[in-house]
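Take a look at the structure set out below.
The figures that follow rest on heavy atoms only: side chains count, while hydrogens, waters and symmetry mates do not. Order of appearance sets the numbers: ligands from 1, and atoms from 1 within every ligand. Remember, predicted model here, so these are calculated numbers, not experimental data.
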Amino acid sequence: MLILGIESSCDETGVALVQLDLNAPRRSIPKLLGAALHSQIEMHRAYGGVVPELASRDHIRRLIPLTKQVLASADAALDAIDLIAFTRGPGLAGALLVGSAAACALGSALGKPVLGVHHLEGHLLSPFLSADPPEFPFIALLVSGGHTQLMRVDGVGEYALLGETIDDAAGEAFDKTAKLLDLPYPGGPQLAKLAESGDSQAFKFPRPLLHSGDLDFSFAGLKTAVLTQVKRLVGDVPEGATVRGAGIESLSHETQRNLAASIQAAITEVLVKKSLKAVQQSDLNRLVVAGGVGANKSLREQLNAACKAKGIRVHYPELHLCTDNGAMIALAAAMRLQTKKRSPLGTTLLM
Ligand code: KG4
Ligand code: ZN
């Protein structure tokens, strides 16, 4: 069975084709036959962030060429597709609408069913496409641009939320503090790059809720702490002004690198400690990391070291599957069909 996956929730148009053998044993992982992705980063960069209307229009332009590209690379005909999966949310309304409209139109033209997939379920299951796929059950750390959650995952559709952010997500913390440092969009990877050669001990930023006793997170205070610190370093910033455009460039490159490294350390320390706590509070010894922030090198290094010390196995998606892509949507649909369970996160069989 061939499943086409369409992702269009934000600033990436992703299309992929996955093969599911319904007669294979339940544990066999669906196979990725082809994938294509178009990132809108260049287009949005001039505006310092995603412009929703531009995103929607670009998804419209990209979807058909990307679909043709995927089918050609997998040597598959359009009418060989058995099911079309698309991201049903969460995401930008207009951008989601493009993906769902394209999926429904294709489904209607081919007379094939269409399945709406929850974006976070796509991220959550994406490590199954890696060279070192996990096995159920496991604790998952889901760290994307809009969500930071710890979950117990017993199988496809069997998700129990253990803790989550009460304000900003980890990705948002990366992006917002990167903006304060006047780094170009998308801030997270830029800040991580700058941090590579910085001193993570140079500045002491808060680790909110680190000792709260629960598995919740809070990152909103970090940007205020960074803003205060940078204002102190820059000096005479007018009341109410953001640091941006108010002299960040007057700081030495070394100070900027140290700021970036210290910000990254504050975010990753909380993620690592709470993830370990979640695993240790469970009867499990497996951690799965998913979502865009899961691409962060320092986070991976710290998690690897901490998990090794505690005898915990840790799994990640392949780097190119950490951020949004069509493969995770096709895979989530395939794994759902394999287990024949409806998603508590909301999977819709439309046709
Ligand atoms: O999962 P994702 O692609 O989109 C959402 O579903 O939100 O995650 C995007 C987030 C952004 O906040 C981005 O800055 C962050 O992931 N991100 C990173 C890195 N790569 C992406 N944050 C830190 N370090 C990275 N290397
Ligand atoms: Zn995402």
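Side-chain polar atoms of Thr13 and His38 form no donor-acceptor pair below 3.5 angstrom. With no hydrogens or angles considered, a side-chain donor-acceptor pair links Ser298 and Gln302 at under 3.5 Å.
From the protein, the heavy atom lying nearest to atom 14 (O) of ligand 1 is Asp175 OD1, 2.6 Å. Given atom 23 (C) of ligand 1, the protein heavy atom at minimum distance is Asn296 ND2, 3.5 Å.
Checked against a 3.5 angstrom limit, the closest N/O atoms of Asp324 and ligand 1 fall inside it. Considering backbone and side-chain N/O of Gly145, one or more are found under 3.5 Å from N/O of ligand 1. Ligand 1 has no nitrogen or oxygen under 3.5 angstrom from a nitrogen or oxygen of Pro189. When only interatomic distances are considered, the shortest N/O to N/O separation between Thr323 and ligand 1 does not fall below 3.5 Å. In terms of polar-atom proximity, defined here as any N/O pair under 3.5 Å, Glu172 makes no such contact with ligand 1.
Two residues are said to be in side-chain contact when any heavy atoms from C-beta on lie closer than 4.5 Å; Phe217 and Leu271 meet this criterion. Counting only heavy atoms from C-beta outward, the side chains of Val51 and Met43 never approach each other to under 4.5 Å. Counting heavy atoms from C-beta outward, Leu92 and Val50 have side chains that approach closer than 4.5 Å. For the pair Tyr185/Ile41, a side-chain contact is recorded, criterion being any heavy-atom separation below 4.5 Å from C-beta on.
Within the structure, ligand 1 has Gly146 among the residues with a heavy atom less than 4.0 angstrom away. Ligand 1 is approached by His119 to a heavy-atom distance shorter than 4.0 Å. In this structure, Pro186 does not count as a contact residue of ligand 1, since none of its heavy atoms falls inside 4.0 Å of the ligand.
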List the atom pairs, with distances to 0.1 Å, where a side-chain N or O of residues 318-326 and a protein N or O form a donor-acceptor pair under 3.5 Å, not counting sequence neighbours.
| from | atom 1 | to | atom 2 | distance (Å) |
| --- | --- | --- | --- | --- |
| Glu318 | OE2 | Ala131 | N | 2.8 |
| Asp324 | OD1 | His119 | NE2 | 3.1 |
| Asp324 | OD1 | His123 | NE2 | 3.0 |
| Asn325 | OD1 | Ala327 | N | 3.1 |
| Asn325 | OD1 | Met328 | N | 2.8 |
| Asn325 | ND2 | Leu321 | O | 3.3 |
| Asn325 | ND2 | Thr323 | O | 2.8 |

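Listed by chain and number, the protein atoms of type N/O/S under 2.8 Å from the Zn ion (ligand 2) are His119 NE2, His123 NE2, Asp324 OD1; waters are omitted.
Distances below 4.0 Å separate heavy atoms of Ala192 from the following atoms of ligand 1: 24 (N). Near Gly188, with a cut-off below 4.0 Å to any heavy atom, the atoms of ligand 1 are 14 (O), 22 (N), 23 (C), 24 (N). Within ligand 1, the atoms closer than 4.0 Å to a non-hydrogen atom of Gly171 are 12 (O), numbered from 1 in the order shown.
With Gly292, Gly294, Ala295 as candidates, the residue nearest to atom 17 (N) of ligand 1 on a non-hydrogen basis is Gly292.
Within a 6.0 Å radius of CG in Asp132, other residues, nucleotides and ligands contribute more than 12 heavy atoms. Around atom CD of Glu254, no more than 12 heavy atoms belonging to other residues, nucleotides or ligands sit under 6.0 Å away.
Proximity of His147 to ligand 1, defined as any heavy-atom pair under 4.0 Å, is not found for any part of the residue.
Asp216 contributes no side-chain N or O that, together with a main-chain N or O of Thr165, makes up a donor-acceptor pair within less than 3.5 Å. Under a 3.5 Å cut-off, the side chain of Tyr47 and the backbone N or O of Arg45 do not form any donor-acceptor pair.
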Run Arg257 and Asp199 through salt bridge (Lys or Arg N to Asp or Glu O under 4.0 Å) and show every step you take.
CA-CA 7 Å; Arg257 289 198 305 259; Asp199 174 7; over 6 Å; no

Let's go through Phe174 and Phe219 carefully: what are the C-alpha distance in whole Å and the side-chain angles of both, what is the deciding distance for ring pair (Phe, Tyr, Trp, His ring centres under 6.0 Å) to 0.1 Å, and is it a yes or a no?
CA-CA 9 Å; Phe174 267 104; Phe219 293 107; 8.7 Å; no

